[in-house]
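Both backbone and side-chain heavy atoms feed into the values below; hydrogens, waters and symmetry mates do not. As the structure is a prediction and not an experimental result, all values here were calculated from the model.
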Amino acid sequence: MMEKKDLLSLTLAEIEELLVSMDEKKFRGKQIFQWINKGIKDFDEMTNLSKALRDKLEEHTYITNIKIEEKLVSSIDGTIKYLFLLDDYNIIEGVVMKYNHGLTACISTQVGCAMGCSFCASTLEGLVRNLRAGEMIDQILTMQNDIGDRISNIVLMGSGEPLNNFDETINFLNIINDKNGLNIGNRHITLSTSGLVPQIKALADLQIPINLAISLHAPNDELRRKTMPIAKKYSIKELIDSCRYYIDKTSRRITFEYALIKGVNDGQKDANELSTLLKGMLCHVNLIPVNSVEERGYKKPSIEAIKSFQQVLKKSGIEATVRREMGSDINAACGQLRRKHLQNQQK
């Protein structure tokens, strides 16, 4: 028997192809695609389809349907943190942040993460599995349904390394960008990677004009290898070369994420070295005062140290901003809530 397909993981063209293979009219694909991207989970609610077609869909396909396991709302800034329960009982996280320009959803691309970055809680339990494109889409649909408002910006920055789940992530980008679906433009989507060099080049070759954010977190290989295992595989030179290739192919500015850790990578020497590394590039540096991860013993630098680091970059002509902390009272940083949930289950 044919394995059931997850409709939410299929592009419009793939749904049309599936219908033709089922001896149905191709134009029905658009109707089905529109229904599922509105968040409809029950085939019987697809009122413009015949009963016979709905029965066929029931037999050969399914629609991803993640559930909200836990929801926390920040009393400081209205940030909403979700724990989602997948159909195989795995848990992932998502966050909705309210900005003046609209709602931004931060979603997960994997259950857990294999990258092992020492300042991130997502990776402490390792990688469980990749998410399907439909499970990424459904995080957004579930959030929209819960808050009753449209999400206008997406960041692939929750649990997981998007480029380590390359095919499904690209599939997700194609689906979400479709005008018949959620219709979220590429320029409203940011993909954050720890720096998988071949995949950055492969993404550049596709020329999808999304925003690319690179988790750099150190100005040299020695320091980067201490906090990011991926740095043992790809040097900073290789990473920067792949970023230049990306800029050249897409004409898009790259954001370098730099988590400031007290006494580790927040000194004037580090700031000067980072300035030299990035000078003249079409880039922007996002300074992130580190979230304390109990297991790692990392601490946030003082406000003075953060400002001083920022000034060094600015004097070198590199645009640098300090990320505003969102939802600090609800552990909104990625991985923290899921980890707490898993620990409670083990008790």
Side-chain angles (χ1 to χ4, degrees), residues 5-12 15 29-49 54 57-58 61-75 77-99 101-111 131-160 168-169 171-185 188-190 326-327 330 332 334 337-338 341:
K5 286 184 187 278
D6 169 23
L7 281 179
L8 257 187
S9 291
L10 303 180
T11 61
L12 174 52
I15 294 178
K30 185 172 168 184
Q31 295 172 325
I32 294 164
F33 186 81
Q34 287 172 332
W35 280 120
I36 58 176
N37 281 280
K38 279 178 184 153
I40 294 296
K41 303 296 182 189
D42 186 344
F43 293 115
D44 285 336
E45 286 182 48
M46 299 181 183
T47 47
N48 55 356
L49 305 184
R54 297 200 305 261
L57 289 171
E58 190 84 58
T61 69
Y62 66 99
I63 307 166
T64 287
N65 190 7
I66 63 177
K67 304 283 194 299
I68 297 171
E69 174 78 1
E70 196 175 337
K71 174 185 172 183
L72 300 173
V73 183
S74 168
S75 56
D77 53 32
T79 296
I80 307 170
K81 178 89 184 225
Y82 293 96
L83 269 187
F84 294 121
L85 183 67
L86 304 178
D87 52 16
D88 62 359
Y89 300 104
N90 269 306
I91 292 280
I92 56 170
E93 291 177 56
V95 180
V96 174
M97 295 160 285
K98 297 178 181 183
Y99 294 102
H101 57 259
L103 295 176
T104 294
C106 177
I107 67 164
S108 295
T109 53
Q110 296 178 307
V111 180
L131 293 183
R132 299 185 304 276
E135 291 171 314
M136 297 180 214
I137 296 281
D138 206 28
Q139 290 172 66
I140 298 159
L141 292 173
T142 304
M143 290 171 180
Q144 285 191 159
N145 184 48
D146 182 60
I147 57 186
D149 206 349
R150 183 178 185 270
I151 284 164
S152 52
N153 298 278
I154 310 290
V155 286
L156 301 175
M157 216 180 269
S159 299
E168 288 299 314
T169 296
N171 215 7
F172 163 81
L173 293 174
N174 289 329
I175 294 167
I176 204 160
N177 197 229
D178 195 304
K179 66 180 189 301
N180 294 293
L182 283 164
N183 193 21
I184 296 175
H188 293 272
I189 300 168
T190 300
M326 302 288 281
I330 56 166
C334 71
L337 187 59
R338 174 177 176 264
H341 180 87

| Passing candidate, side chain to side chain contact (heavy atoms under 4.5 Å, CB included) with Phe172, options Ile140, Leu8, Thr11 | Ile140
| request: Measure the shortest side-chain to side-chain distance between Lys98 and Asp77 over non-hydrogen atoms and say whether it is less than 4.5 angstrom. | output: no
| field | Step-by-step side chain to side chain contact (heavy atoms under 4.5 Å, CB included) determination, Ile15 to Leu7 | value | CA-CA 7 Å; Ile15 294 178; Leu7 281 179; 4.3 Å; yes
| field | Exam field: side chain Glu135 to backbone Arg132, donor-acceptor pair closer than 3.5 Å | value | yes
| field | Value rounded to 0.5 Å, distance of CG in Asp178 from CZ in Phe33 | value | 4.0 Å
| task | Check each of Ile80, Ile147, Asn153 against Leu103 using the side chain to side chain contact (heavy atoms under 4.5 Å, CB included) test, and report the only one that passes. | result | Ile147
| field | Point-to-point distance, once rounded to the nearest 0.5 Å, from CG of Leu141 to CD1 of Ile63 | value | 10.5 Å
| request: Decide side-chain hydrogen bond (donor to acceptor under 3.5 Å, both in side chains) for Tyr82 and Asp146; before the verdict, give the C-alpha distance in whole Å, the side-chain angles of both, and the deciding distance to 0.1 Å. | output: CA-CA 10 Å; Tyr82 293 96; Asp146 182 60; 2.6 Å; yes
| field | From CD (Gln34) to CD1 (Ile40), nearest 0.5 Å | value | 12.0 Å
| note | The reported gap from CD in Glu168 to OG1 in Thr109 (rounded to nearest 0.5 angstrom) is 11.0 Å
| note | Rounded to the nearest 0.5 angstrom, the SG-CE distance for Cys106 and Met143 is 7.5 Å
| N/O donor-acceptor pair under 3.5 Å between Arg150 side chain and Leu182 backbone | yes
| message | Please check: side-chain N/O of Ser108 versus main-chain N/O of Glu93, any donor-acceptor pairing under 3.5 Å? | response | yes
| Between Ala133 and Ile175, what is the shortest heavy-atom contact and its length? | CB-CD1, 4.2 Å
| Can you tell me if Asn37 uses its side chain to pair, donor with acceptor, with the backbone of Asn180 under 3.5 Å? | no
| said: Just to verify, what does Asn177 make a side-chain contact (heavy atoms from CB on, under 4.5 Å) with, not counting sequence neighbours? | reply: Asn186
| note | On a heavy-atom basis, the closest approach of Phe43 and Tyr62 is CZ-CA, 4.3 Å
| query | Which residues pass the salt bridge (Lys or Arg N to Asp or Glu O under 4.0 Å) test with Lys41, sequence neighbours left out? | reply | Asp138
| field | Spacing of CD1 belonging to Ile107 relative to CD1 belonging to Ile92, to within rounding of 0.5 Å | value | 8.0 Å
